[in-house]
Amino acid sequence: MVKTRFAPSPTGFLHIGGLRTALFNWLWARKNGGEFRLRIEDTDRQRNREEATEAILKAFDWVGLNYDGEVVYQSQRGEIYKKYIDQLLKEGKAYKCYLTPEELEEIRKAKREGRTPPIDIRKYRNFQGELEKPFVIRFKTPLEGELKFEDGVKGEQKVKLEEIEDFVIARSDGTPTYNFVVVVDDHLMGMTDIIRGDDHLRNTFKQILLYNAFGWEVPNFYHLPMIHNEKGGKMSKRDGAVDVLEYRRNGYLPEALLNFLVRLGWSYGDREIFSIGEMIQLFDPKNINKAPSRFDQSKLDWLNSYYIKNSPNDRLVKILKRDFGVEVPAGEKGEWLLGQLKERVKTLKEMAEEIGKILTPPSNYDPKGVKRFLKGDAPRRLGELKEKLKGVAPATPPEWDKLLEEFVAETGAKPREVMPPLRIAVVGEARGIDLGTLLAILGRDEVVDRIEKLLEFLQNREG
RNA sequence: GUCCCCAUCGUCUAGUGGUCUAGGAUACCGCCCUUUCACGGCGGCGACACGGGUUCGAAUCCCGUUGGGGACGCCA
């Protein structure tokens, strides 16, 4: 059985790159009828924030990624880790190192400057006895030889063992470090496939050494190339949203985000649109790309508008209310409204704003539109139209279209003397959804009011 | 600095030695549709980083160069 996991550290929100990693793991598990687990890597007490875990869970819930079993918190598994650290100590596979932070800093500085360090980092590797000093526990890595493994994305990876130093597995306060707990937990949780970011490639060698030391079976590894920002660098807050929940606040549909992310570094021929079900069916890590990819906002926007267009209205109504506090009119007026807006909007946030613009009488009029269209006979025509409206009651979009047509025919006015001015009177600008539909949504009385308001505005301006 | 990874249109990508005068999507531009703006339809612009090999034949294999990215923590 395939078992995968997503193991974020709760230092902030769920990162967009993290979501892709989670998605790939989730898809692979679901495709194989396996298990997908969630594990919070919070061994470093100084960095953790409780809200962070909450935010991650909330983001998972929003995009619809479900996990099996309970969430595992590493901070609650101290006893387990201690047992395995003691085992390594007892077997002589790890040792206490009394190097001070200052000494380590010297070693590191020398290394980076290309000098030979003044102190051997393995100074205490063969030290016998105990010192009355703070210590960390280091793992004894083999001094020579070569280590290989087959990466599911990048192919064979190898390293000379002398390049891997005796790394720390427990801090001076006794808490275990990442490279150690990740191995213990992945083994104990029975993980078979580890899909994670490229930045872990080098850690993998250390982890394999640990698997070997315990005599545990090594899982399959797949290292995903990173997602870069639009300039090709590392994604940061400055590159727009990196927090997954920010996409919700910005009016993106979860399936659009997921569809966008699944195509970043993975493909299935020429196919662009994948429902969740299709992703599960078609996903295979063997089709993951080796090269890093960039975050392309306009492609995300395109997918989002696609999914908005294809969403049932009642779903949009719910999201509009939940995330933007917008009440869509009930009945056919709401249907007309959404039917129009769905076709021309890229995000739900945009849709919410457009609804506001339509339902609220304009507080000002686009000066360019006014200048261009409300000249000559236009104001007079609007006045005539207003009078005509008092005697009729068109209700549906076709009825409004018919009425407007008749009006133009009767009065001999040019369409551009009537249509654009009317639109400006109603929403304040010369662009927007279909005119007949717009008028039908507002209803005759509201339309008459708005025409009067514009006429008043024009008169005041002249006077 | 050391080690590692990567390299097809602006971007996401198809492509695993001949079917490639390199396909799709997006973005951009134009036309059509249209009483506006969009949507939609049609068309256009646009790439195998460079240099050497290997081969009858290379986007595809090998080497180098360049460029980009990552790792080098008592972070994960």
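Throughout, a chain's letter reflects where its sequence line sits, starting with A, and its residues are numbered from 1. Values below: every heavy atom of this structure, side chains too, minus hydrogens, waters and symmetry copies.
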Check your understanding: Taking atom C1' of B:C4 as reference, at what distance in whole Å does atom NZ of A:Lys148 sit?
Key -> 16 Å

Review point. A:Ile358 has an atom CD1; how far is it from atom C1' of B:C37, in whole Å?
Key: 11 Å

So, is [X] near the phosphate of [N], with a side-chain N or O under 4.0 Å from OP1 or OP2?
X        : N     : result
A:Ser267 : B:A14 : yes
A:Ser293 : B:U13 : yes
A:Arg344 : B:U34 : no
A:Lys309 : B:G40 : yes
A:Asn287 : B:A14 : no

State which of [options] makes the closest approach to the side chain of [X].
X        : options             : value
A:Ser298 : B:C74, B:G70, B:A27 : B:A27
A:Asp434 : B:U13, B:G69, B:U36 : B:U36
A:Met419 : B:U35, B:C12, B:A76 : B:U35

Practice item. Validate the cation-pi geometry between A:Arg263 and A:Phe260: distance from NZ or CZ to the six-membered ring centre under 6.0 Å, angle to the ring axis within 45°. Key: no

**Study point:** Nucleotide forming a Watson-Crick or wobble pair with B:G64, both distances under 3.5 Å
**Key:** B:C50

**Study point:** First encountered from the 5' end of RNA chain B, between A:Gly436 and A:Val159
**Key:** A:Val159

Point to revise | Geometric class of the A:Tyr81/A:Phe180 ring pair [parallel <30°, tilted 30-60°, perpendicular >60°] | key: perpendicular

Exercise for review: Please check if the distance between the ring centroids of A:Phe6 and A:Phe36 is under 6.0 Å.
Suggested key: no

